[in-house]
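Notes follow once the structure below has been shown.
Every heavy atom of this structure was used, including side-chain atoms; hydrogens, water molecules and symmetry mates were not. Quick note on labels: first sequence line is chain A, next is B, and so on, each numbered from 1. Keep in mind that what you see is a predicted model, and the values were worked out from it rather than measured.
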Amino acid sequence: MGNYRFHTPDGVIDILPQEATVKRRIEADIRELFSSHGYSEVETPGIEYYDVYASEDFVATEDMFKLTDKDGRIISMRYDGTVPVARLAATLLKDEQPPLRLSYIEDMYRFKLSGGGKLREFSQAGVELLGLDNAEADAEVIALGIQSVLASGITDLQISIGQVDFFRGLVEEWGITSEEASELSTAIDQKDIVRIEQTAERIGLSDEAKEILDMISNRFGTYDVLDAFEEKVKNDTSRAALKNLREILDALKDYELLQYVSIDLGMLRSLDYYTGMIFKGFTYEIGFPILGGGRYNNVISTFGRKLEAVGFSVGINLILTALRRQDKLPEFVEVDAIVGYKDGEGMRQAAFATAKALRETGLKVIVDTQHLSEEELDAYAEARGIDQVVYVEEEDEVEEENT
Amino acid sequence: MITIALSKGRLAEKALDLLEAAGYDVSAGREESRKLILEDEKTGLRFIMAKPADVPTYVEYGAADIGVVGKDTLLEEGRSLYEVIDLGFGACRMCVCGPASLKGKLDQIPNKRVASKYPNITRAYFEGTKKESVEIIKLNGSVELAPLIGLAEVIVDIVESGRTLKENGLDVLETVADISARVVVNRVSMKMKEAEIVPMLDALRKQVAIKNAQKAAEGK
């Protein structure tokens, strides 16, 4: 026993000075961004009943960090922000008039190393916009996603937007079974051209259908992609999905954020969870999407309240890693000044008063606790890279110098 | 810079041939040395020579943008990747094999023991496809030994010519999957480096189509 006491478990990390400061700054900026758009922050518990995540198969059993309470009930640590907020919206907030704008910044726990960046504990910031079912709401959430990444200092950002109804419409139009649809959607999501072709062949899809499948895997862009599909696709569900995407692009153009987005109709993950637009965000030097979200109109109704919803979450640890690898990690001065004082009547009190006054101007100030002499204080500041040294010698005379 | 992870050995050679035919200067990748990273500033290509089973890992994490690897490895590793091209070479089958006497009787053995180098593929096939619980015994090589010596009733392994099987009195009982070399792409690289990667994939597809046409013509 005890061999592990110097280590942290798999999938969790210590965040050191500087990086922790940067992380908190990013969180503060994102919190401010959400708040400035009228989103109210909520805190949900760090642990939930297992059923919250498991009963509708929102999360696979193996993915949850599980505990038991004193009565033997299964508890899961907070897996994501959305499902607890959905529970909240249908229970304690059930009398609040929609639309509801809610946000969170919390740590998430995943048992399998499935979280982006393969961490088991990581921070996510996100919003949920509840009670609206239109492209404006979709675009508002995408815009907040883009802005939260930009606020962190990342400039290279690619957002891919899909629409799961587009594929649903095709499935209805082609009259294929749900097993066939599921196999096809998995293959499309993996851009596994071989399997797409084999499956299409086995199902006996028409040449027209095969052409559409080919386009789904290979066409990216913005309005041009929508134009191309609109020419090919006949069914109402798919056409409504394309119209929704066009309206989202229009709105993002007005947000002046269109340059960050492209359409990818081949994103078909979590089809039983999402019901409309879905999106993911990417940047350089990190192999995982840093943000993701979409419309999930059927989730809150599983808790007993009919409420449409759209939301996103961004991985703060992933942003931090990307900033580090892109050499964009801002450097923060942790200490601006040190105040020392000569031993003597009232000197310490004067030093505390001086430090307080400096802190009120926004500086980060240490008061010397080692009774260093003026020379020692200078040396200490020099060694630690502290810019300002104040040495209190007389009660009302403060000597200040810059090193 | 595009980083390409190759499976050390024959598969790497064939992948380089194909890239060359597609118009890329791959001399860096052919450099005879023990270096594991072969980089060419001029062409903007960097090759990493990895163990086949590690190629999907490099690509999933984005340490490599593109990888060339056998379908068997992809199935076994189950990574989250884009799997974009079937290169056609390295073709073989993943099969359930055992004594020929078991042909057509596989389903009649209860509580089967299955030996394999590919425990995940084995589990997915028996539990997922066949809806049957089996005991999986992981081995690292010479899997054919297992049924001969009574360690397992059957094995799941790659079959190329089938000669090793025949010489050991074993036969193919069922086919699990067709295997060949695939091009995989990191999900983020596909978006962030689209301008470089998409043309490369198109050029490779064209070469594969030409090769397949040639093969078909020779076959006739």
Side-chain angles (χ1 to χ4, degrees), chain A residues 112-119 154-162 179 182-183 186-198 214 216-221 260-264 266-270 279-292 315 318 321-322 325-326, chain B residues 1-3 5 56-67 69-71 74-75 77-91 123-124 128-129 177-199 201-202 204-205 208-209 212:
Chain A
K112 289 206 321 203
L113 298 171
S114 58
K118 304 289 176 186
L119 285 174
I154 286 175
T155 47
D156 297 302
L157 176 67
Q158 269 292 324
I159 302 284
S160 291
I161 308 178
E179 283 87 37
S182 147
E183 187 170 352
T186 308
I188 292 170
D189 191 60
Q190 294 171 349
K191 301 208 189 299
D192 186 344
I193 314 289
V194 182
R195 207 162 127 207
I196 295 172
E197 283 170 3
Q198 283 170 351
D214 184 56
I216 290 177
S217 303
N218 293 311
R219 288 297 291 267
F220 315 108
Y260 295 103
V261 306
S262 72
I263 299 290
D264 178 358
M267 283 198 307
L268 291 175
R269 279 209 160 170
S270 312
F279 70 109
K280 280 203 161 106
F282 311 92
T283 185
Y284 286 115
E285 303 296 332
I286 186 147
F288 307 95
I290 53 174
L291 73 90
L318 289 171
T321 306
R325 294 190 188 156
Q326 294 177 5
Chain B
M1 180 71 69
I2 297 286
T3 304
T57 311
Y58 283 105
V59 178
E60 187 193 22
Y61 278 77
D65 302 300
I66 296 179
V69 65
K71 178 72 179 172
L74 289 173
L75 288 171
E77 295 290 315
R79 300 277 171 180
S80 174
L81 303 161
Y82 286 143
E83 184 182 329
V84 289
I85 307 175
D86 181 352
L87 292 176
F89 53 76
R123 187 174 304 281
T129 311
D178 288 317
I179 306 293
S180 55
R182 305 290 161 97
V183 177
V184 293
V185 182
N186 174 271
R187 285 175 178 258
V188 176
S189 300
M190 189 73 125
K191 308 286 179 187
M192 298 305 294
K193 300 185 181 173
E194 191 187 328
E196 292 146 285
I197 289 178
V198 170
L201 296 179
D202 286 343
L204 283 175
R205 270 194 205 103
V208 172
N212 288 346

- Task: Would you mind checking which part of B:E60 comes under 4.5 Å of any heavy atom in chain A, side chain (CB onward), backbone (N, CA, C, O), both or neither?
- Result: both
- Message: As an exercise, state the distance from OG of B:S189 to OH of A:Y284, rounded to the nearest 0.5 Å.
- Response: 10.0 Å
- Task: Test side-chain hydrogen bond (donor to acceptor under 3.5 Å, both in side chains) on B:E194 and A:S262 and set out the steps.
- Result: CA-CA 12 Å; B:E194 191 187 328; A:S262 72; 5.5 Å; no
- Considering only heavy atoms, which portion of A:I286 lies under 4.5 Å from any heavy atom of chain B: side chain, backbone, both, or neither? backbone
- Between A:R195 and B:D86, is there a salt bridge with N-O shorter than 4.0 Å? no
- Would you please indicate if the ring centroids of B:Y61 and A:F288 are separated by under 6.0 Å? yes
- Item | A:N218 portion near chain B, given a 4.5 angstrom heavy-atom threshold | side chain
- Message: For A:R269, which atoms come within 4.5 Å of any heavy atom of chain B: side chain, backbone, both, or neither?
- Response: side chain
- Options A:D189, A:I196, A:D156, ranked by heavy-atom pairs under 4.5 Å with chain B, top entry: A:D189
- Heavy-atom pair count under 4.5 Å with chain A, highest-scoring of B:V184, B:D202, B:V59, B:L81: B:L81
- Correct closest heavy-atom pair for A:F282 and B:V188 would be CD2-CG2, 3.4 Å
